[in-house]
Each structure stands twice: as C-alpha cells, then as structure tokens.
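These notes are about the structure you will find just below.
Order of the sequence lines fixes the chain letters, A, B, ..., with proteins taken first and strands second; residue numbering starts at 1 for each chain. These figures come from a predicted structure and were not determined experimentally.
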Amino acid sequence: METTQLVSPYILSAVTFIYALAAVLYIFSWIFKTPVADRWATWAAVTGWAGNTAGIILRWIESYRVLESGHAPFSNLYESLIFFSWTIITLYLILERRTANRVIGAFCTPLAFLALAYASLSPNVSSRIQPLLPALQSNWLIAHVMTCFIGYAAFAIAFGVSLMYLLKSGSGDSEGAMMQKLPAPAVLDDLTHQLVVFGFLFLTIGIITGAVWANSAWGRYWGWDPKETWSLITWLIYAALLHMRLMRGWQGRRIAIMSIVGFMAVLFTYFGVNLLPGMHSYGASG
Amino acid sequence: MNQIKSVSAGYFDGVWKLFASLKLTIALLLSLAATSIVGTLIPQNQELKEYFQAFGPFLFQIFDVLDIFDMYHAWWFQLLLLMLVLNITVCSIDRLSVTWKIIFPKVPKFKASRFINNPNMKELNIHRQPDDLKSKYESVLNRFYSYTSFDRTDDGIMLFAEKGRWTRLGVYAVHLSIILLLVGGLIGSNYGFEGFVNIPEGESADQIRLRNSGKIIPLGFTIRCDDFNITHYRNGAVREWRSSLSILEDGKLVFQKDIIVNDPLRYKGINIFQSSLGELGPETSGAADVHPIKPGDDIILDITSTESGMSYRKTTIIGREVAIPEGLGTFVVTEYRPDAQFRGQVVGEAIVGIHKMDGADPVEILLPLHFPAFDKMRKGQAVFSVAEQTIEKFSPGSTPEMRYYTGLQVTNDPGVWVVYSGFMMIIAGCIITFFMSHQKMCVHIIPKEGGSIVRISGTANKNKPGMWKKVDRIADEISQLT
C-alpha cells in the first residue's frame with residue numbers, strides 16, 4: 001500500500017555516518033594535539049545535527065503523505081532513538097559553546113552515534129511510519145516524549161562527563177598529554193551536577209506528563225507498570241545523588257559513580273523494560 | 001517521675017534525630033528504588049496458581065508471605081513510603097525552624113564582613129565624592145533588586161541590595177509536594193474506586209463491577225450505550241473505538257457524549273473511559289439465500305501482510321494448500337460451516353482454515369462470510385478475508401452488521417486534584433530550587449583623594465558563578481554612569 005518511498009531514513013542513515021565521523025574526529029583531536037581536527041569535529045557535529053533535524057522534520061511531513069492522518073515523529077522506538085540522538089547533540093553543542101572544551105565531545109558524540117546506529121542498522125528496529133494506535137492519539141504524547149528524552153539526553157551527557165571525571169581523577173599526577181586535555185576535576189564535577197539537575201527537572205516533568213496522560217486515557221495516573229516503575233527508580237537514584245551532593249557535600253568520585261548508575265537505570269527504563277510485560281509495549285519495536 | 005519524663009524525652013529526641021537524618025533519606029530513596037525492581041521482574045496481581053506453577057511451592061510460600069505478588073501495596077512497601085513521609089516532614093520542620101528567621105526577617109540583615117572579604121570583588125576608581133554617588137548607585141541597584149538599604153561605616157558608605165529571599169522556600173515546596181502526591185494516592189485508594197462495565201449497543205447499565213474485589217456497586221445514574229463503532233486504518237490497525245453514551249437520571253436524559261480512548265466522559269466525579277470491546281454476533285442471523293460451499297468449489301481469498309500492507313489474492317478449494325508471499329507461510333481451507341460460532345456467539349456461515357508459519361504454531365482461522373474484516377481482530381502477521389465474489393456467489397444478500405458491546409472503565413478518584421497540585425508544586429519547586437537563588441549585592445564607596453574607590457561584591461546561596469557575572473554587570477552599569 002505504501003507506494004511512496006520514504007526519504008527520511010536515508011538522510012538519517014547518512015547522519016549516522018556523519019556522527020561516526022564526528023566521534024572519530026573528537027577522539028582524534030583529543031589524542032593528538034591538532035587544532036585542525038578540532039574544528040573539523042565541530043563542523044561534522046553541526047552538519048550531522050542539521051541533517052538529524054532535517055530528518056525529523058521530513059519524517060513528520062512524510063507521515064502525512066504515507067498515512068491517512070500524519071503525526072509527530074515520536075511514536076515508536078525508531079523515532080525515539082532519532083530524537084534521543086538529536087537531543088544529545090543539541091545539548092552537547094550548547095555545552096561546547098559554553099565550556100569551549102572539545103574533549104567532552106569525544107565522550108558525547110559516540111553516544112549519539114550509537115543511538116542512531118541502533119535505529120538505522122538494527123534489524124529489530126523498523127523505520128516504517130505507522131499510524132497512531134488509539135492510546136497514542138493524544139496531545140500529551142509530544143510533551144511526554146520530548147521532556148523524557150531531554151532528560152535522558154542530559155543524563156547521557158552527565159554519564160560521559162562522569163566517565164571523564166573518573167579517568168582524570170584516576171590518572172593522578174602522572175598526567176599524560178591526553179589526561180592534561182581533560183578539564184579540571186572540579187569543572188567536570190560541577191558539570192555533572194548541572195546536567196543531573198537539568199535532567200532531573202525534565203525527567204520529573206516527563207513522568208508527570210505521562211501520569212496526566214495515563215489518567216486521561218485509562219483513568220489512573222499511576223499503575224506500577226514496569227516502565228512507570230523504572231522511571232521512578234531512575235528518579236529515586238538521581239534524587240539520592242542530589243541529596244548527597246547538596247546536603248552532604250559529596251563530590252567527585254562518589255557523585256560520578258552515582259551518575260553512571262543513574263544512567264544505567266535510564267538505559268534500562270528505555271530499552272530493558274521492553275523485555276518485561278507492560279503498557280509501553282508500542283515503544284518496543286517496529 | 002522526673003526521670004521517666006527525661007527518659008521518654010530522650011527517647012523522643014532519639015526518634016526525632018533518626019527521622020531528621022539525611023542518611024535515612026538516602027537509605028529510604030535507595031531502598032525504594034531497589035525494592036521497586038522486584039515488582040517489575042515478577043508480574044503483579046496474576047492468578048495465584050500461575051505463580052505456584054512458575055516458582056514451585058517453596059518460593060511461592062516465601063513470596064506469598066512477603067506479598068511479592070502485589071508488592072506495591074504490601075505492608076512493608078507502604079511502611080517505607082510512610083517512613084519517607086515522616087522523614088520529609090521532620091527534616092522540613094527541623095530545618096525550617098532554623099531558617100525561618102533568615103527567610104522572613106523583619107529587616108533583612110547584611111553582614112559587611114562577607115562582602116569586604118569577598119574574593120570575587122570588583123574595584124573601580126571614580127573621580128567623584130561618595131555622597132554624589134550614593135543616590136545614583138541606589139537607583140542602579142533598585143533596578144535589579146527588590147530591597148535596598150545602606151549603612152555609613154567608618155570608612156565610607158555601604159549600599160546593600162538583595163532579592164530572591166523567598167526562593168529559599170523552593171526546596172520545602174518540593175518536599176511538601178511529595179507528601180501531597182502520597183496523600184493524594186492514599187485518598188484515591190481509600191475513597192475512590194476502579195471498576196468496569198460492559199454495555200451492549202442500545203442497552204443500559206446502572207451498576208459496575210469493582211476491579212480488585214469483584215463487588216458490584218450502583219452508580220447512582222444510568223449509562224446507555226447508543227452506538228459503538230470501530231474504524232480501521234488502511235493497514236488494518238485500529239484507528240478508533242468510539243462509544244456514544246447517554247447518561248440518564250430517573251429515566252431522563254441528562255448528558256450525552258461520544259467517548260474515545262484519551263477522551264473520557266466525566267459526570268458527577270465519575271470518569272468513564274473507553275477501555276475494551278467485544279462482539280455479540282450478527283444483528284440478524286441467517287441470510288435468505290444460502291448455497292453451501294462444497295469440496296471443489298473455488299474460494300477466493302484476500303491475504304494482507306500486516307508488515308508491508310501488500311494484499312495478495314489467491315484462489316483455492318477446500319483441502320488445497322496455498323503459499324503466501326513474504327514468507328508468511330501457507331494457508332489451507334479445512335472446512336465450511338453453515339452456522340459457525342465464535343466465543344459462544346453465532347456468526348453464521350464461515351470457512352475455517354489453518355495458517356502455518358515457520359517458527360510458529362499452526363493457527364486455526366475462522367472467516368465468517370458476513371464479516372470481511374473479522375480476521376483483523378486477531379492481529380496476526382497476515383490478515384485473511386474471503387473475497388467479495390465468493391461471498392456474493394455462496395451467500396448473496398446484504399451483509400448484516402455485527403453487534404458490539406463496549407467495555408467501559410469506570411473510576412472515581414477524589415484524590416486526583418491533590419496529586420495534580422503536587423505535580424504543579426513539584427515542577428515549580430524544582431525550578432525555584434535549582435535555578436533561582438537568594439542574591440545579595442554590596443556596593444562599598446570609600447572616599448579617597450579627589451574621588452572614591454568603589455568596591456562591588458555579591459553573594460548567593462546557589463549558583464556562585466552566576467553571581468560573579470552579576471557583579472561584573474553591576475560594575476559595568478556603575479562605571480558607565482558618569
């Protein structure tokens with residue numbers, strides 16, 4: 001029935017390779033002191049971001065051509081992965097401008113690449129545009145998915161920065177050239193904190209929009225569905241992190257480890273839950 | 001007597017200290033997170049015998065005692081939540097009693113020493129006397145800050161300004177909102193209900209069955225289902241379930257609405273949601289003119305692949321296997337039934353076939369001649385239907401319409417507004433706590449030969465780098481004045 005070919009998956013596959021290039025360039029410029037690679041890396045990231053943006057918008061337009069009633073591209077795993085990589089790169093590029101440090105890119109762009117590669121290359125993820133099931137036909141869908149994934153992206157970058165922190169603090173005073181290029185531990189620690197705060201706010205709003213939506217679709221705002229429960233588990237872990245940091249003045253290593261654990265919970269909420277039974281199964285595949 | 005008193009006071013102090021401790025908060029947050037995992041790995045609220053089969057008698061006993069099969073309502077999980085509420089309450093009282101005076105003083109106090117020794121101080125040299133500058137600087141500060149004051153010190157004039165004192169309350173709003181969420185949930189589960197009712201098209205119901213206890217309760221009004229419709233997308237997926245409902249009180253129509261998923265009907269605090277559907281069989285059974293399909297008669301089938309949306313037409317006879325493209329296996333018509341039944345409902349004439357696919361068990365498929373879209377309900381990878389020509393040939397006459405019943409979820413939750421105010425409060429509280437701060441600014445004007453030294457510094461309870469930028473900004477404004 002679908003006689004028209006979709007163009008957006010090809011654009012997004014191309015973006016996958018551009019992100020891969022960006023990741024390689026960021027890592028290259030971290031290992032070797034070459035200002036040229038630096039600039040190229042940023043250009044690759046910006047180009048990829050533009051393509052990613054265009055891909056999302058085009059997919060939205062194409063949905064109106066392919067389906068009887070089109071919809072915003074936030075309705076299945078493929079679409080969410082594309083939006084996930086877009087938010088990671090968006091947040092990262094803002095961060096790069098503000099901190100003027102490109103080493104962070106070596107830890108962030110690979111994450112965006114992996115998300116997009118999984119979307120584009122995995123046989124389990126279909127790029128087909130499907131019509132919205134009755135439960136998904138709600139204005140809350142966009143608000144819920146966007147806020148959740150802005151939160152997830154902030155946590156993803158916090159994870160990258162926490163890894164940098166552990167590398168830097170673990171390297172001690174021996175200080176190879178690579179370690180020297182990493183920002184100071186205090187800077188990384190502060191950045192982790194800021195990103196977690198930002199992600200926590202959006203995760204909170206994401207859970208709330210989901211609850212309000214569930215209440216309008218099923219008559220209950222909370223049902224201990226595995227995805228709901230895992231989002232709460234994630235929220236509790238980051239809440240514990242923030243209390244340790246703000247009230248006990250915990251810093252550095254322990255906060256970095258908590259942020260990594262928190263991101264593992266994010267990943268399980270996102271992917272792992274699909275292995276368990278529950279309401280969010282439309283996010284599972286296809 | 002005195003001793004007993006002090007012992008119990010000591011005991012109270014001990015408990016208070018325990019609940020005021022941050023260690024308990026972190027322990028509770030992490031144990032709630034850890035225990036919650038269990039309920040996501042073991043499906044909740046299933047039939048007991050399924051658990052018994054899955055876990056065996058020994059584990060079953062242990063899990064049953066611990067209420068693992070409904071763990072989010074188990075006493076120990078509720079106890080953790082209760083402890084969290086106590087912890088939040090005690091911590092907030094404990095801290096507020098100290099910070100209340102800071103947050104709401106009669107006159108805001110400024111400690112000169114905190115500004116004089118501030119490492120991030122800006123210093124300007126201005127060729128004018130301190131008294132000339134005072135009122136000008138005050139008007140600059142007034143533009144940025146809600147409160148200003150000044151003090152004449154031994155070495156000059158100190159102008160003070162502040163704003164955002166109230167933002168120190170943000171964190172308490174977040175904590176109060178958590179309590180609101182839990183209290184709202186408690187109200188809902190104690191004073192609300194969750195039930196369901198199935199109403200056939202054209203019929204009414206005035207009572208519902210509760211979901212957990214199975215008890216039947218009266219609604220106080222009547223719901224009538226005037227109409228029920230399903231629409232499909234081109235690929236066969238369901239696009240919409242729509243029930244046209246009327247609310248009747250004492251036989252009089254008082255309210256009418258079409259409900260779909262995501263758009264419920266709300267009446268007198270009771271919410272009615274579209275939740276499921278069922279079929280009751282054809283409206284009129286038995287067409288006038290029926291010619292049974294005999295072995296050897298041609299049967300034309302339309303097979304649609306759900307994955308690609310492609311449709312394939314195949315002609316076959318009873319007993320002959322046909323292959324379906326796209327690796328969707330084979331299909332063989334096994335028999336013709338003049339009065340087939342589906343889940344106890346008469347669906348009339350039908351053919352029955354077996355669908356075989358690699359890696360899946362063979363499925364018996366019923367294709368009622370009068371309901372061409374019947375097989376879509378099965379949500380298989382291939383959707384079968386009997387082509388129109390075949391229906392016309394063997395069973396001419398109009399196709400009767402299928403009768404449905406609508407499955408409605410009926411809920412009442414008096415706590416939902418408490419929960420929703422908690423939602424709004426937690427978002428506002430988080431924004432205030434994380435992104436706003438109590439900022440104080442000081443402009444210190446010290447006279448010197450032929451002019452003044454102006455020292456600008458600021459403090460904030462959060463986001464110190466943001467405050468340094470603010471100091472630069474004020475310094476900029478001031479230096480441009482003359």
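Among A:Ala214, A:Ala265, A:Ala240, A:Pro131, the residue with the largest count of heavy-atom pairs under 4.5 Å with chain B is A:Pro131. Between chain A and the options B:Lys23, B:Glu194, B:Gln274, the largest number of non-hydrogen pairs under 4.5 Å is found for B:Lys23. Counting heavy-atom pairs closer than 4.5 Å to chain B, the top-ranked of the candidates A:Leu241, A:Ile237, A:Val212, A:Leu242 is A:Val212. Between chain A and the residues B:Leu28, B:Ile260, B:Val238, B:Leu41, the largest count of heavy-atom pairs under 4.5 Å involves B:Val238. Of the listed residues B:Ile427, B:Ile272, B:Asn412, the one with more heavy-atom pairs under 4.5 angstrom with chain A than any other is B:Ile427. Put simply, of A:Tyr221, A:Phe200, A:Trp140, the one with the most heavy-atom pairs under 4.5 Å next to chain B is A:Tyr221.
Separating the CG atom in A:Leu232 from the OH atom in B:Tyr72 is a distance of 8.5 Å, to the nearest 0.5 Å. Taken from OG1 in A:Thr229 to CD in B:Gln44, the straight-line distance is 8.5 Å, to the nearest 0.5 Å. The NZ atom of B:Lys462 sits 8.5 Å away from atom CG of A:Leu246, with the distance rounded to the nearest 0.5 Å. Here CG of A:Asn215 is found 8.5 Å from CZ of B:Phe423. Values are rounded to the nearest 0.5 Å.
Around CD of B:Glu240, the count of heavy atoms belonging to other residues, nucleotides or ligands within 6.0 Å exceeds 12. For CG of A:Asn139, the number of neighbouring non-hydrogen atoms (other residues, nucleotides, ligands) closer than 6.0 Å is 12 at most. In the displayed structure, A:Tyr10 atom OH is contacted under 6.0 Å by at most 12 heavy atoms of other residues, nucleotides or ligands. Heavy atoms of other residues, nucleotides or ligands lying less than 6.0 angstrom from OH of B:Tyr191 number 12 at most. The number of heavy-atom neighbours closer than 6.0 Å to CZ of B:Arg266, taken from other residues, nucleotides and ligands shown, is above 12. Residue A:Arg253 places its CZ atom among 12 or fewer non-hydrogen atoms of other residues, nucleotides or ligands, all under 6.0 Å distant.
For a residue to count as touching a neighbouring chain, one of its non-hydrogen atoms must lie under 4.5 Å from one of that chain's; by this rule B:Arg95 touches chain A with the side chain only. With a threshold of 4.5 angstrom between heavy atoms, B:Asp263 approaches chain A through N, CA, C or O but not through any side-chain atom. Both the backbone and the side chain of B:Ile37 come within less than 4.5 Å of a heavy atom in chain A. Contacts of B:Ser275 with chain A are absent, with no heavy-atom separation under 4.5 Å from either backbone or side chain. Heavy atoms closer than 4.5 Å to chain A are found in both the backbone and the side chain of B:Leu32. Looking at B:Val171, neither its backbone nor its side chain comes within 4.5 Å of chain A, counting heavy atoms on both sides. Using a 4.5 Å cut-off between heavy atoms, B:Leu30 contacts chain A through its side chain alone, with no backbone atom that close. Residue B:Ile431 touches chain A through both its backbone and its side chain, counting heavy-atom pairs closer than 4.5 Å. Only the side chain of B:Ile178 comes within contact range of chain A, judged by heavy atoms closer than 4.5 Å.
Here the side chain of B:Tyr233 pairs no donor or acceptor atom with the backbone of A:Ser69 at under 3.5 angstrom. At distances below 3.5 Å, at least one donor-acceptor pair connects side-chain atoms of A:Gln137 with backbone N or O atoms of B:Arg239. For B:Asp413 (side chain) and A:Arg220 (main-chain N/O), no donor-acceptor pair under 3.5 Å exists by modelled atom type. Between the B:Asn271 side chain and the A:Gly219 main chain, no donor and acceptor come within less than 3.5 Å of each other.
For the residue pair B:Phe435 and A:Phe198, the shortest heavy atom distance occurs at CZ-CA, 4.4 Å. Closest approach of B:Cys430 and A:Leu201 over heavy atoms only: CB-CD1, 3.6 Å. Residues B:Gln409 and A:Trp218 come closest through the heavy atom pair NE2-O, 3.0 Å. Annotation for A:Pro134 and B:Asn262: closest pair O-ND2, 3.3 Å, computed over non-hydrogen atoms. For the residue pair B:Phe273 and A:Ser216, the shortest heavy atom distance occurs at CE2-O, 3.5 Å.
In this structure, the ring of B:Phe77 has its center less than 6.0 angstrom from the ring center of A:Trp224.
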Evaluate the criterion side chain to side chain contact (heavy atoms under 4.5 Å, CB included) for residue pair A:Thr204 and B:Ile426; output intermediate values, then yes/no.
CA-CA 8 Å; A:Thr204 307; B:Ile426 201 171; 3.9 Å; yes

Using the side chain to side chain contact (heavy atoms under 4.5 Å, CB included) rule, take B:Leu29 and A:His243 through it: C-alpha gap first, then chi angles, then the decisive distance, then the call.
CA-CA 10 Å; B:Leu29 290 174; A:His243 281 89; 3.9 Å; yes

